[in-house]
Amino acid sequence: MRDKVRCLIIGSGPAGYTAAIYASRANLEPVLFEGLQPGGQLTTTTEVENFPGYPDGISGPELMEDLKKQAQKYGTEVYPGRATAVDFSVRPLKVTIDNEHIIESDTVIICTGASAKYLGIPDETKYAGQGVSACATCDGFFYRKKKVAVVGGGDTACEEALYLAGLADKVYMIVRKPYLRASQIMQQRVMNNPKIEILFEHQTEGLFGENGVEGAHLVKRKGQPDEEKVDIVIDGFFLAIGHQPNTDIFKEFLEMDEVGYIKTQHPTTKTNIEGVFAAGDVADPIYRQAVTAAGAGCRAAIDAERYLSEKGL
Ligand code: NDP
């Protein structure tokens, strides 16, 4: 592996691989590190039906494998490994891989994506893969004619609840506030769906079950004089309480919003540090789609190429 490159791409979702395709075709000889979840969030999806060019849909892992092959075909070097530290105060920029190997690069394209948030209760780990999920479209299929709960009151939670209502017999929405945060149209849709029951002002204390999730212990109006314990019988427990961008290692150097999404200079992918670009979910709290991430990856590679040629690097 080279110790000094012109273009280093961190992350292997649609943004990372699209950046790699463009950067390698522009002769930047990019190196890409795949990160913790090679292929990114789409590898946990079954069918992708909204990526243009696939009228019959394509499986998430297959789509990512195709993007990887396309990037490698034009010369991108793809390695396993996770960026564990960066130093953007020096030139060339420095990125540490797996806490041991330092690579220097003239440009860095950050495509580290975002991860679903969890409540942080021990039972989420205990029942991981046994009824706890953060992706209804990935796992909903297993709950046909069953009972499930979705935690959250935003657009994602409504979308997941509606999707699950198409499969399951009963869908609870566990909402901690007395109202939903979702857009009006989504609120209307969930309220009009006879299979969905919204449990306002409820919080999850734990899960129970012998072989996987069989129910949840909830508390209604926690901390109020009329606080009440409520148990519900469910087979699946879906988290939809937002996403957390994977940006911890960049905090010292890059400007971010209050949640941690990297700020870019719209409509470019430039960050506040010259030569560092961000693309995909890591810089996109709004759209978070494979195709928008791919588009941003393309822009990041073009931005990197122009930066390198302006600087004569
Ligand atoms: P949001 O941040 O909008 O909503 C998160 C929800 O989870 C809120 O109801 C929040 O409650 C709740 N929540 C957060 N933490 C906890 C916790 N610890 N315990 C219980 N509940 C919790 O995230 P979304 O992922 O729903 O949406 C993100 C963005 O993406 C939004 O801008 C949204 O509009 C957009 N989006 C748009 C879609 C569309 O238009 N089709 C589809 C999906 C997303 P509280 O309100 O109390 O904070």
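What you see below is based on every heavy atom in this structure, not just the backbone, and it leaves out hydrogens, waters and symmetry mates. One-based numbering, in listed order, for ligands and for the atoms of each.
- There is a side-chain donor-acceptor pair under 3.5 Å between S133 and D139.
- The heavy atom nearest to atom 1 (P) of ligand 1, considering only K117, M186, R181, is found in R181.
- Taking the side chain as every heavy atom from C-beta outward, I10 and V95 approach each other to under 4.5 Å.
- In terms of protein heavy-atom proximity, atom 25 (O) of ligand 1 is closest to T156 OG1, 2.6 Å.
- There is no protein heavy atom less than 4.0 angstrom from atom 32 (O) of ligand 1.
- Remark: minimum distance from atom 23 (O) of ligand 1 to any protein heavy atom is reached at G242 CA, 3.9 Å.
- Atom 30 (O) of ligand 1 has its closest protein heavy atom at R288 NH2, 3.4 Å.
- The distance from ligand 1 to the heavy atoms of P285 drops below 4.0 Å at these ligand atoms: 29 (C), 30 (O).
- Using bins of under 30°, 30° to 60° and over 60° for the plane-to-plane angle, the ring pair F88/F250 lands in the parallel bin.
- Distances below 4.0 Å separate heavy atoms of G153 from the following atoms of ligand 1: 6 (C), 7 (O), 8 (C), 9 (O).
- Counted by atom type alone, D98 and T84 present zero donor-acceptor pairs between their side chains at under 3.5 Å.
- Ligand-side atoms of ligand 1 in range of E159: 41 (N), 42 (C), range being under 4.0 angstrom from any heavy atom.
- The cationic atom of K170 (NZ for Lys, CZ for Arg) lies less than 6.0 Å from the six-membered ring centre of Y172 and within 45° of the ring axis.
- At the shortest separation from atom 19 (N) of ligand 1 among protein heavy atoms lies L119 CD2, 3.3 Å.
- Under the 4.5 Å side-chain heavy-atom criterion for Ile, Leu, Val, Met, Phe, Trp and Tyr, I9 and L67 are members of the same hydrophobic cluster.
- Screening H243, Q41, R288, Q289 against D281 for a side-chain hydrogen bond (donor to acceptor under 3.5 Å, both in side chains) leaves a single residue, Q41.
- In this structure, the protein non-hydrogen atom closest to atom 4 (O) of ligand 1 is G154 CA, 3.7 Å.
- Inspection of the Y79 and E77 side chains reveals an N or O donor paired with an N or O acceptor under 3.5 Å.
- Taking every non-hydrogen atom of K177 and a distance limit under 4.0 Å, the qualifying atoms of ligand 1 come out as 45 (P), 46 (O), 47 (O), 48 (O).
- Between the side chains of D303 and T269, a donor-acceptor pair is found at a separation under 3.5 Å.
- Among all protein heavy atoms, the one lying closest to atom 7 (O) of ligand 1 is I241 CA, 3.3 Å.
- Among protein heavy atoms, atom 34 (O) of ligand 1 sits closest to D155 OD2, 2.6 Å.
- Protein heavy atom nearest atom 17 (C) of ligand 1, with residue, atom name and distance: R176 NH1, 3.4 Å.
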